[in-house]
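Okay, so here's the structure we're looking at.
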Number of protein chains: 2
Amino acid sequence: MKRIYLDNAATTKPRSEVIEAMLPYQTEKYGNPSSLHSMGREAAEAMEESRATIAKHLGSKPEEIYFVASGTEANNTVLKGVAFQKKKGHIITQTTEHDCVINATKWLGSQGFDITFLDVDDKGVVHEDTLREAMRDDTILVSIMAANNEIGTIQAINRLGAIAHEGKALFHTDAVQAFGKMPLSLENIDFLSASAHKLYGPRGVGFLFKRDGVWITPLLHGGGHERGLRSSTENVAGIVGFAKATELAFAEMGSEAAREIALRDSLIKGVLEIKDSWLNGHPTNRLPNNANFGFRFIEGEGLVLRLDLKGIEASTGSACSSKNLRPSHVLTSMGLKAEDAHGSLRLTLGRESTKADMDYVLEMLPGVVESLRAMSPLTE
Amino acid sequence: MKRIYLDNAATTKPRSEVIEAMLPYQTEKYGNPSSLHSMGREAAEAMEESRATIAKHLGSKPEEIYFVASGTEANNTVLKGVAFQKKKGHIITQTTEHDCVINATKWLGSQGFDITFLDVDDKGVVHEDTLREAMRDDTILVSIMAANNEIGTIQAINRLGAIAHEGKALFHTDAVQAFGKMPLSLENIDFLSASAHKLYGPRGVGFLFKRDGVWITPLLHGGGHERGLRSSTENVAGIVGFAKATELAFAEMGSEAAREIALRDSLIKGVLEIKDSWLNGHPTNRLPNNANFGFRFIEGEGLVLRLDLKGIEASTGSACSSKNLRPSHVLTSMGLKAEDAHGSLRLTLGRESTKADMDYVLEMLPGVVESLRAMSPLTE
């Protein structure tokens, strides 16, 4: 059966160029970059070239890029690293952040830090005034994601960062979904998190941008790798793959975004013809590849499993929480009732998505929704 | 030029079977194990099979294995996780631990925990009485490595664990160098750390064994992966590769250890014929693949670089600290003077090491040592 993968926000298929770039560092060039001998130095060079490639595309200095294992690690490193460095103070984030930011921040709350979760509007947007009003003299960190993983809503991080900097706070953005999909200015950003596997790179590698001159307590203490911020033998193959994925994503960013927006908008238009359906998130200010729908009277899990039988791979929301049955905290934060938040379907396009895929979804989805509603005790 | 890799304690060459096992999960089977659709479930199955394989060889339950990104992460997770869970108390470790245990423990010391670093004898061994005397009513954790990364000395972790358990302490062992190279009993162990890349597996993946019924504070908060202990999208390809490497290492453990011991002992015998040289670590109770020599009057760095020019890839000690010029804390802990600790050479054999390699080292090394001594201001 034909398989249509529309879960690119969960993870992406590594590009063949990425796999090819990685393979030598998994086989013949297997040196540890910390080793003094030739193969070690060769590995160190490949790693530093990768760092420079990523820095060039992000617009940072190479030494501001720190390789880590994941976006979750990058986010935990910043939140806990700033907190442990400052020892006390007030941390601001917002209600639709990824679970890793929410849960790391809540844990810091249990360790004596003051926490504020900013509200969002019904499109998932954090308003500048909301942040301005929450800022305090002892605010040490503001963390607002660049774009949401479930609903794709883009935040005005440059302006929100400026507000953080009007106070004494540092500003972090979780750009795991945004990096490589949209331009990001570092002007008002002190920390930025990204992950390779959202970008057609390998699993198990991410980076943290940390502005020069800011120091934080390491999350992983050890041999002093990554200039003391993140100890661990470096995953050279993964790092080389991440750089290749970054290079390709930035080269195609404009054209690919335009292509995906056109496909996505045709999908949205078609899906919204289904009765009692709606689009979650912002109508236009959202990631090029993200569509998130609500369907009254049905459960998202049932929808995902039925679509899977038709060869369509989708999600109810965040992959991370797809196995627990609580309604999405992102959707309820925007004001959706629990029963409406349960009926969500996230379709996230990728570079292999085609018009034929959209047509197939639009051919299958109405019948699937109808059959689920026919069985639903919730239907009016 | 012929290249002889004798730095297998720093990292190993991934086996072709490992790369082959990983490739499908880097290409066609790229699902996120948290996704509900078919490809996600297929990835989750591969991950759980890998967990079961590793558990079988370690002798644990599958649900006691938690995948992480590295040995450093596993060690940080245990040390900080126990500390944050218990909130206060006394932690015991010892002076020749890997930098990640030393530095994570020192950091916990700065956060209000009481720390004891046990002394070792001149072979690098922690004596049972030393631990027994250090135990206190408020000791929450004892962390003693299974085998040392620089000198290969093996600790009596089963008996040391029993002493920890006579008190109320939990017992952790860093088995990064030992796992897959020697049998390990979990009888008195609550936590065990391992890493794939020391075992002919990929970089970027490790595991933490955590005994059932013990809970610790997660280091990476987030979406609740790995049963809430370690959030992050799982590195499925890396995990599958780790399981394959484990399976092969355990199948060959006895014969390969015997083969490496014979090669190593012939190497040791030959090297010790060089004047003013000695073996660091225990003469017999050491990892099968480890030889660590001292040479009076010369610097280890110079030795490694000269050997590299002859095609021999070696190390002065830990790869992690090979780029800083302080003498090895492992060697000074055993009582070596700083100038003697500077003249160390670690040769760590691997599955591709041959008798011809040993002969070549024995042919080249005396001349290299002699020429360095001829230039040395330290020579008598």
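With a 4.5 angstrom heavy-atom cutoff, N235(B) touches chain A via backbone and side-chain atoms both. Only the side chain of L23(A) comes within less than 4.5 Å of a heavy atom in chain B; its backbone stays farther off. Heavy-atom distances place the side chain of I19(B), and not its backbone, under 4.5 Å from chain A. Neither the backbone nor the side chain of P202(A) comes within contact range of chain B; no heavy atoms are under 4.5 Å apart.
We find the CD-NE2 distance between Q26(B) and H197(A) to be 14.0 Å, quoted to the nearest 0.5 Å. The distance from the NZ atom of K198(A) to the CG atom of N32(B) is 6.5 Å, given to the nearest 0.5 Å. The CD atom of E234(B) sits 10.5 Å away from the OG1 atom of T11(A) when rounded to the nearest 0.5 Å.
Residues S231(B) and T72(A) approach most closely at O-CG2, 3.4 Å, considering heavy atoms. Of all heavy-atom pairs between E301(B) and L36(A), the closest is CG-CD1, 4.0 Å. Taking both residues in full, the closest heavy atoms of D7(A) and H37(B) are given as OD2-NE2, 2.8 Å, listed atom of the first, atom of the second, then distance.
Counting only distance, with no hydrogens or angles, the side chain of N103(A) and the backbone of G222(B) share a donor-acceptor pair below 3.5 Å. Of the possible polar contacts, none joining the K13(A) side chain to the K29(B) backbone as a donor-acceptor pair under 3.5 Å is found. In this structure, the side chain of R203(B) engages the main chain of Y30(A) through a donor-acceptor pair within 3.5 Å.
Side-chain contact between D308(B) and R41(A): present, with at least one pair of heavy atoms (C-beta onward) separated by less than 4.5 Å.
Most heavy-atom pairs under 4.5 Å with chain B, from the set E313(A), Q111(A), E73(A), H221(A): that is H221(A).
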